[in-house]
Peer 1: 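Input: one structure, supplied below.
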Protein chains: 2
Amino acid sequence: MSGQDGGCDMEGGPDVSWTAEVTTSGVSAAAVPSGSSGSSSSLAGQAHEVLAVVLQIRAGRLSVLLWERARAPFAGFWALPGGRLGWQEDLDPSIRRQLAQKVDVRDLTHLEQLETRGEPERHPGGRVLATAYLGLVPADLDPVIPADTSWHPATQLPQMAFDHAGIVDSGRRRLRAKLSYTNVGFALAPPEFTMSELSGYYRAALGHDVAATNLRRVLLRRGQIEDTGRCVPSGRSGGRPAALFRFRQRELEVTDAFAVLRPPHRG
Amino acid sequence: MSGQDGGCDMEGGPDVSWTAEVTTSGVSAAAVPSGSSGSSSSLAGQAHEVLAVVLQIRAGRLSVLLWERARAPFAGFWALPGGRLGWQEDLDPSIRRQLAQKVDVRDLTHLEQLETRGEPERHPGGRVLATAYLGLVPADLDPVIPADTSWHPATQLPQMAFDHAGIVDSGRRRLRAKLSYTNVGFALAPPEFTMSELSGYYRAALGHDVAATNLRRVLLRRGQIEDTGRCVPSGRSGGRPAALFRFRQRELEVTDAFAVLRPPHRG
DNA sequence: GCAAAAGTGTTTCAACTACACCCATGT
DNA sequence: ACATGGGTGTAGTTGAAACACTTTTGC
């Protein structure tokens, strides 16, 4: 979205007006949970889970971490890592805790909230709200993951449980948008990298070619990356040794509110 | 966001690893609510409310709809409209229903999800999760609102209840970003408008000057607006009559994934 | 005619893409 | 030497901001 950015959850919406019926059930008390218990339905809360779309560039492809469900519903289908929100737990800590089961949390270089889904029918077993997060793992790591868990190319997902396919898509779009106007690249790349490596990560995440030459200049101009002064020895087939770069910041920054990185004209 | 876009919920995050302790409580069953009830805490769900940041340009200022709380907690403070999520209710319909108490839902030209907050302490009365929405009302309407409710300039909020001030800020930032790379303008403007009126709405929402001359060309080039062919009679002080424009689409579209509308260099 | 407001033409500028060319290394 | 891959210089393109100038109205 963003640019970019961000998601685009537009809703056409019904034309019906509930104005008449609703005003009966205590207007001002609506936002007070422990106060007047006006409506009968608000006694019990709703089950709430947190999920994560964990993305990493693996072998030049944007990949998602999924686990295979052993039991019904959706036995044999693949699902996003996550689980129930604890009773007095905040959302961010919760998804970090849940992810600890699948991947070492220290491997996550970035984590941000994506969206919350509340369709009553999204979970066959009963009403469960889900807040989804986007998590990123740098390309040089290979986290230890459980046996029921594996990485899948984000562009060709296996049979997905619940509404998780749509959530993965939200994550991909969010990442793509933010690569254009923020420095999220730092979360995909290792601490140091050559420009051709970096352009590979961008290509995988954006889905189109990214010229290393221009990427270098764009990111340098924006102050996102800097030259370490060191080089990487050239390969067995020769070639000039590549300079090593690093991101200047390892936290999310908006570097170009009105952004760039458009697909090439020809090619 | 492109654009802007979008929100930027970055988290630095703790270095602690919970890996050891968590694996005890049944790994694969985490996302199955009605299946094996492994953990003791997941029996009761959490209270969940929906809130809306309803924005409108009123008298040249970006304004937000708030209601004044009558009772504790935060008696006399101002809060966002909203209320408890119904037992079998989806999030979007719920916020529409809740808003029906404050403003006719038919007046809303745009509604999108903003973010979900889950800090355990965000509500003094007990644990309440909140999913916030951004709603827009076109500048020509003056919806009928209840006595305890009124519009406030979004830049100078009154004493706000709970974490609602932060949520209003998220809404403002989201709107600003999306004005740059989508056609959300349609949701702020009346069905037909002159370019100087429209630039006034953009100025109010963006917080900086927007030249009607250039806005016209940008939005025409992008195909967002079109000339109706009709004019508005000039005022008593004369002047050339202004042409009437309309947005071509009245649903959200991304018109420029890598967007524009930067603040003026000088001025 | 003159002031006021809207609209047009033109210049300038920033930021990027494309591409030709130069540089450093291995064999 | 020369193939290979990285880096630099530079031209071309796009989209928008700035601003002078023209058009159309009321008085």
Side-chain angles (χ1 to χ4, degrees), chain A residues 3-4 179-181 192-200 202-203 206 208-245 254-267, chain B residues 2-4 179-181 185 192-200 202-203 206 208-245 254-267:
Chain A
Q4 38 234 277
L179 275 177
S180 292
Y181 66 94
E192 302 193 336
F193 46 84
T194 67
M195 283 317 296
S196 43
E197 282 162 9
L198 190 65
S199 75
Y202 275 74
R203 168 167 39 253
L206 292 174
H208 65 77
D209 249 337
V210 177
T213 284
N214 290 329
L215 183 64
R216 170 211 193 88
R217 280 196 274 230
V218 168
L219 297 189
L220 278 174
R221 172 176 29 231
R222 293 187 183 170
Q224 282 191 28
I225 60 173
E226 64 189 358
D227 199 325
T228 63
R230 276 168 304 116
C231 280
V232 133
S234 42
R236 42 213 155 287
S237 60
R240 178 168 171 172
L244 275 175
F245 290 83
V254 175
T255 57
D256 190 31
F258 312 108
V260 227
L261 288 175
R262 29 193 151 176
H265 288 181
R266 343 173 183 174
Chain B
S2 215
Q4 314 352 23
L179 274 177
S180 291
Y181 65 93
E192 301 193 337
F193 47 85
T194 67
M195 283 317 296
S196 42
E197 282 162 9
L198 190 65
S199 76
Y202 275 72
R203 168 165 41 251
L206 292 174
H208 64 77
D209 249 337
V210 176
T213 284
N214 290 330
L215 184 64
R216 170 211 191 88
R217 281 197 273 228
V218 168
L219 297 188
L220 279 173
R221 171 172 33 227
R222 294 188 182 170
Q224 282 192 28
I225 59 173
E226 65 189 357
D227 199 324
T228 63
R230 279 169 301 118
C231 281
V232 135
S234 42
R236 42 215 157 286
S237 59
R240 179 169 169 171
L244 275 174
F245 289 82
V254 176
T255 57
D256 190 32
F258 312 107
V260 227
L261 286 177
R262 29 193 153 176
H265 286 182
R266 342 171 186 176

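What you see is a predicted model, and the numbers here were worked out from it, not measured in a lab. Order of the sequence lines fixes the chain letters, A, B, ..., with proteins taken first and strands second; residue numbering starts at 1 for each chain.
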Peer 1: Return a single string for nucleotides 1-9 of chain C, one symbol per nucleotide in 5' to 3' order, where B is base contact, S is sugar-phosphate-only contact and - is none, cutoff 4.0 angstrom on heavy atoms.
Peer 2: ---BBBSBB

Peer 1: Distance check needed: D/dA17 C1' versus B/L206 CG, whole Å only.
Peer 2: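 For the pair B/L206 CG and D/dA17 C1', the rounded distance is 15 Å.
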
Peer 1: Got a sec, which residues hit side chain to side chain donor-acceptor pair (under 3.5 Å) with B/S234, two or more places apart in sequence or on another chain?
Peer 2: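 Side chain to side chain donor-acceptor pair (under 3.5 Å) list for B/S234, sorted by chain: empty.
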
Peer 1: Search all heavy atoms of B/I225 against all heavy atoms of B/R216 and return the closest pair with its distance.
Peer 2: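 Looks like CD1-O, 4.3 Å.
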
Peer 1: Could you tell me which residues satisfy side chain to side chain donor-acceptor pair (under 3.5 Å) with A/S199, sequence neighbours excluded, listed by chain and number?
Peer 2: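 Partners of A/S199 by the side chain to side chain donor-acceptor pair (under 3.5 Å) criterion come out as none, since no residue qualifies.
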
Peer 1: How would you list, by chain and number, every residue that makes a salt bridge (charged side-chain N to carboxylate O under 4.0 Å, His left out) with B/R203, sequence neighbours excluded?
Peer 2: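 For B/R203, the residues satisfying salt bridge (charged side-chain N to carboxylate O under 4.0 Å, His left out) (neighbours in sequence not counted) are B/D209.
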
Peer 1: Taking five pairs at each end, how big is the angle between the two axes of the helix from C/dG1-D/dC27 to C/dT27-D/dA1, to 10°?
Peer 2: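 Answer rounded to 10°: the end axes differ by 20°.
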
Peer 1: Identify, with sequence neighbours excluded, every residue that meets side chain to side chain donor-acceptor pair (under 3.5 Å) alongside A/E197.
Peer 2: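 Here no residue qualifies.
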
Peer 1: What is the separation between atom NE2 on B/H208 and atom P on D/dA18, rounded to the nearest whole Å?
Peer 2: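 The distance from NE2 of B/H208 to P of D/dA18 comes to 10 Å, rounded to the nearest Å.
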
Peer 1: Hey, mind stepping through A/L198 and A/L219 against side-chain contact (heavy atoms from CB on, under 4.5 Å) and telling me if it holds?
Peer 2: CA-CA 11 Å; A/L198 190 65; A/L219 297 189; 3.6 Å; yes

Peer 1: Can you check the A/L220 CG to D/dG7 P distance for me, whole Å?
Peer 2: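 Between P of D/dG7 and CG of A/L220: 11 Å.
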
Peer 1: Residues in salt bridge (charged side-chain N to carboxylate O under 4.0 Å, His left out) with A/R230, at least two apart?
Peer 2: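 Partners of A/R230 under the salt bridge (charged side-chain N to carboxylate O under 4.0 Å, His left out) test: A/E192.
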
Peer 1: Whole-Å distance between D/dA17 P and B/L215 CG?
Peer 2: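 Interatomic distance, CG of B/L215 to P of D/dA17: 9 Å.
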
Peer 1: Need to verify one output field. Residue with the more 5' nearest nucleotide on DNA chain C, A/S234 or A/A211?
Peer 2: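 By nearest-heavy-atom nucleotide position, the 5'-most residue is A/A211.
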
Peer 1: How would you list, by chain and number, every residue that makes a side chain to side chain contact (heavy atoms under 4.5 Å, CB included) with B/R217, sequence neighbours excluded?
Peer 2: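 Checked B/R217 against side chain to side chain contact (heavy atoms under 4.5 Å, CB included); matches are B/T213, B/N214.
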
